[in-house]
Amino acid sequence: MADTTLMDKLVSLCKRRGFVFQSSEIYGGLGSVWDYGPLGVELKKNVKDRWWRAMVHARDDIEGLDAAILMHPRVWEASGHVAGFTDPLVDCRHCKNRFRADDPRIKGTPGQPDAQCPVCGSKGTLTEPRLFNLMFKTFMGPVEEQAAVVYLRPETAQGIYVNYLNVLQSSRQRIPFGIAQIGKAFRNEITPGNFIFRTREFEQMEMQFFVKPGTDADWFERWREWRMQWHRDLGLTPAKLQWHQHGPDELAHYARAAFDIQYEFPFGWQEIEGIHNRGDFDLGRHQQYSGKKLEYFDQAGNERYLPFIVETSAGADRVALTLLVDAYREEEVEGETRVVLGFHPAVAPIKAGVFPLVKKDGMPELATALYHDLKRRFPAFYDDSGAIGRRYRRMDEAGTPFGITVDGDTTAQRTVTVRHRDSMQQDRVGLDQVAAYVAERIGGD
Ligand code: ATP
């Protein structure tokens, strides 16, 4: 299967089955903004829930936070986003398209007569490169003036830094400790694309771990290991995960070390999460810009210091895309192609489909009762239309790991058939045991 075809097939499956829709589609769509449908919202929620469990609930040393998207504009001066979060861009005066100045498709030097627009092909119509800030701007209050400008946050991390003392004091944590947050971030990306890989509105799962200077390198290594293991535990193909270390020219000026966890997408190896040793850059800058002391007093050592920060920063949408890409497969079964999303049961949007074999002989009643019982425990789906084979195929496409069929023997022997999505093997399980049977197999952490 050609790789681009795979992405096309996935995008079409996502629309057909209700994972992801283009935003405002009836108006022609909005560039690189996507909506999650019934199955997609469950998939992404499973990603976020697993992250929250691993980072907050399962640990004693991390607290949760939900900071607002809008923040004081000075935050973005302190963070460097006002000055530094910019890309040089060029416009075509003729076709009005906008490109990154380093777009390899541009021939010649932008701003000079020899430069050629990669879209309309006009010569000499490209402007000189101009700096363009990637933050979305809006106005707070009724007056649209410079003093009222606020930004939609381009990352969730700053909400953590400015609340670090509030969390520290209210939770009675001591360093080393972390703060975790899941939330929306916005970037006016110039080259968005690859479906939900790079979008203008997305969700981040970020954790900032505050440590004593000098212990940061050790914590950095620990966090690298834990985060890679988390991705493996999602059931991702291990050979498609790798580390990418930022070299000196890639490393942000404040970062002491940075590694990306990359996944091999059909469009190449790409970052899904970054692990960064940020030193004391962030707290130092906020201390300087706010004029408030942000030091930590270590009672045991009777010393005061500005903590160093180890950050783990992942995109919920990117992880969801990774799961979709990794799960997609086509197989020949009895002369027909079956499309399967082979999700790990713990992330599958629907855990079980319930099917009465035929719409008579008391089967629909038994199946409906079972469906309602299962639905109280985990997402389940009821389907009584069409041949049973077709109903299984529909659930294969949705990535549902178990298909439960109520048949003639259910009334007589009080057993059902459980069909496994991947092997297509069938087990006979007691009607009273089937909820526990599925629950046991979807637990997985
Ligand atoms: P990239 O170079 O791919 O744009 P980045 O290095 O700018 O990413 P970070 O600022 O480190 O990314 O953001 C952390 C994580 O947030 C990324 O690993 C990614 O999962 C997610 N992310 C960043 N930008 C986007 C985006 N435009 N759309 C979707 N997810 C994003």
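Read the numbers this way: they start at 1 and go in the same order the structure lists the ligands and their atoms. Nothing fancy with the numbering, it's 1 onward along the sequence. Computed from heavy atoms alone, side chains included, the values below leave out hydrogens, waters and symmetry copies.
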message: For residues 24-46, which residue pairs pass the ring pair (Phe, Tyr, Trp, His ring centres under 6.0 Å) check, not counting sequence neighbours?
response: Trp34-Phe195

query: Is Glu397 salt-bridged to Arg394, going by a charged N under 4.0 Å from an acidic O?
result: no

query: How would you list, by chain and number, the residues with a heavy atom under 4.0 angstrom from ligand 1?
result: Arg187, Glu189, Phe197, Arg198, Thr199, Phe202, Gln204, Glu271, Ile272, Glu273, His276, Ser313, Ala314, Gly315, Arg318

task: Check the angle between the aromatic planes of Phe177 and Phe210 and answer parallel, tilted or perpendicular using the 30° and 60° thresholds.
output: parallel

Check: Phe259 ring centroid to His244 ring centroid under 6.0 Å: no

Just distance, no hydrogens or angles: give the donor-acceptor pairs under 3.5 Å from side chains in residues 107-129, sequence neighbours left out.
residue	atom	partner	partner atom	Å
Gln116	NE2	Gly121	O	3.0
Ser122	OG	His94	ND1	3.1
Thr127	OG1	Asp91	N	3.0

Residues 59-67, side-chain donor-acceptor partners within the protein, below 3.5 Å, at least two apart:
residue	atom	partner	partner atom	Å
Arg59	NE	Asp61	OD1	2.8
Arg59	NH2	Asp61	OD1	3.3
Arg59	NH2	Asp61	OD2	2.9
Glu63	OE2	Gln173	NE2	2.6

